[in-house]
Each structure stands twice: as structure tokens, then as C-alpha cells.
A.B. asks: 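Input: one structure, supplied below.
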Amino acid sequence: MCTGSCAKCLGGTLIPLSVFGLLANILLFFPGGKVIDNNDHLSDEVWYFGGILGSGVLMIFPALVFLGLKNNDCCGCCGNQGCGKRFAMFTSTIFAVIGGLGAGYSFIVSAVSINKGPKCLMSQNSTWGYPFQNGEYLGNPNIWSECQKPSDVVPWNLTLFSILLIIGAVQIIICAIQVINGLLGTLCGDCQCCGCCGGDGPV
């Protein structure tokens, strides 16, 4: 399998991950599955749009570039059969770096939010804030009741930000693979084997 085929496989994997990232971030605007009456009561990290921008929009463009690389296999320019393919693979490397930065942004935002916990109406003083510190609530579900409103906001935020964390990590790995794959295609030409997606050799 040539580097272009490998990139197409990676791009096909990024598309559903981007969609899931977008949906997870959108759902965070509805804590506990309900419409909130005041946007100021949403956790700050929800407004950072990690899943929408980082794992979503910034990942769509690299995915589309990767998907189009298969069609560039064995193209040529100026009488050099590998010239066009090498340039396409170099371009994919740049987009892979951009995608990796977006995924890294989503990963960091999610990790910070998980450690910080959700913003909620605190039982101890009936004000809105962050009752948990340094991820202490993660191993102690008994203290989740300190969040009175929105109902079920703790498991809701924890689940969705965990999904975004995993998606971001997988996207970072995929983009890193494409950076390597793109560099191989740039340096070695069209029919270099990358061995992904079950490929067994050049075609």
C-alpha cells in the first residue's frame, strides 16, 4: 500500500472522530440534558470550544486533505512522475501538524475541565462556582451531591469531557502517524509502503 492509501485510511478515521467531538461539545451546553437558564452558569471550559474548534473544525481540513491523497498517487509534473505526489505528501504533513495542534488544544481543555470539575450551584453557600479542587471528586462520587444544580451535571460533564479527551488523544496519534507517513512520501516518492490499514505493498 502506498503512502497515499495510508493517508486516505487515516482521513476516513478522522471524519467520524471530528463529528463525535462536535456533538460532545454541543451537548455540554445542555448540562444534565436540560436547557440552562443562564449561560454564566456553564463551566468556563465549555466556552473554549475544544470539541468544536480543536477536534472538529481544525480536524476536518486535514481529514479532507488525507482523503484526497489517494487520487494523487502516481501523478507527475514537469516530466517527473513522483514530483506531484511528493508535493501532495508534503502538504499533508503541514495539515497533519495543524490538525495535531487542534487535537492537542481539545485534549488540554478537556483535561483541565475534568481536573477542575463542573461549575454548579454549591450546597455549602448557595452560590455558583467550582466546589471541587484538583480532581478530588473523581474518586469520590459521594461528594458529587455538593452540586445542587444543574442536576446530574457532574457525571454529564465528566462523561462528555472524557470523550473529548479520548478523541483528542486518538486524533493526535493519527496526525503524528500522518506526519511520518507524509515525510516518507515526500522523501521517498510515490510507492513507499507504510503498512497501515492492512496494506501489503506497493501497487
Side-chain angles (χ1 to χ4, degrees), residues 11-67 94-176:
T13 305
L14 285 177
I15 293 294
L17 288 175
S18 299
V19 173
F20 288 137
L22 282 165
L23 292 176
N25 202 147
I26 291 173
L27 288 174
L28 284 167
F29 285 95
F30 305 93
K34 302 177 181 65
V35 177
I36 197 166
D37 57 357
N38 189 338
N39 289 335
D40 291 335
H41 296 164
L42 289 171
S43 298
D44 293 339
E45 290 74 23
V46 175
W47 295 103
Y48 295 163
F49 300 111
I52 294 177
L53 294 179
S55 290
V57 175
L58 283 179
M59 200 57 61
I60 293 294
F61 296 108
L64 294 177
V65 171
F66 300 167
L67 287 171
I94 297 176
F95 275 92
V97 172
I98 295 174
L101 292 175
Y105 172 73
S106 179
F107 182 90
I108 292 173
V109 170
S110 301
V112 169
S113 182
I114 291 174
N115 182 69
K116 187 178 180 181
K119 188 176 186 179
C120 61
L121 181 64
M122 300 179 290
S123 59
Q124 60 265 37
N125 53 19
S126 297
T127 60
W128 289 84
Y130 298 88
F132 310 121
Q133 300 292 331
N134 300 321
E136 60 183 0
Y137 73 102
L138 295 174
N140 187 8
N142 294 326
I143 65 174
W144 291 5
S145 59
E146 293 183 16
C147 275
Q148 293 183 323
K149 293 181 180 180
S151 59
D152 300 322
V153 66
V154 178
W156 184 267
N157 274 32
L158 179 59
T159 299
L160 292 174
F161 274 117
S162 295
I163 291 174
L164 287 174
L165 187 77
I166 295 172
I167 289 176
V170 174
Q171 289 175 330
I172 290 172
I173 293 173
I174 291 176
C175 288

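As the structure is a prediction and not an experimental result, all values here were calculated from the model.
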A.B. asks: Given Leu160, which of Val46, Leu165, Leu28 fulfils the side chain to side chain contact (heavy atoms under 4.5 Å, CB included) condition?
C.D. replies: Leu28
A.B. asks: Between Ser113 (side chain only) and Val109 (backbone N and O only), is there a donor and an acceptor less than 3.5 Å apart?
C.D. replies: no
A.B. asks: Under the 3.5 angstrom rule, does the side chain of Tyr48 hit a backbone N or O of Tyr105 as a donor-acceptor pair?
C.D. replies: no
A.B. asks: Working to the nearest 0.5 Å, report the span between CD1 of Ile143 and CG of Leu138.
C.D. replies: 9.0 Å
A.B. asks: Roughly how far apart are Leu121 CG and Glu146 CD, rounded to 0.5 Å?
C.D. replies: 12.0 Å
A.B. asks: When you measure from the side chain of Trp156 to the backbone of Phe30, do you find a donor-acceptor pair of N or O atoms at a distance under 3.5 Å?
C.D. replies: yes
A.B. asks: Ignoring hydrogens and angles, tell me if any N or O in the side chain of Lys119 forms a donor-acceptor pair with the backbone of Glu45 under 3.5 Å.
C.D. replies: no
A.B. asks: Determine yes or no for a side-chain-to-main-chain donor-acceptor pair under 3.5 angstrom, with Gln171 supplying the side chain and Ser55 the backbone.
C.D. replies: yes
A.B. asks: If I take atom CG from residue Leu14 and atom SG from residue Cys175, how far apart are they, to the nearest 0.5 angstrom?
C.D. replies: 5.5 Å
A.B. asks: Assign the ring pair Phe29 / Trp47 to parallel, tilted or perpendicular, where the plane angle (0 to 90°) is split at 30° and 60°.
C.D. replies: perpendicular
A.B. asks: Could you tell me whether the side chain of Asn157 and the main chain of Gly117 form a donor-acceptor pair under 3.5 Å?
C.D. replies: no
A.B. asks: Among Ile36, Asp44, Asn38, which residue satisfies the side chain to side chain contact (heavy atoms under 4.5 Å, CB included) criterion with Asp40?
C.D. replies: Asn38
A.B. asks: Is Phe20 atom CZ crowded by more than 12 heavy atoms from other residues, nucleotides or ligands, each under 6.0 Å away?
C.D. replies: no
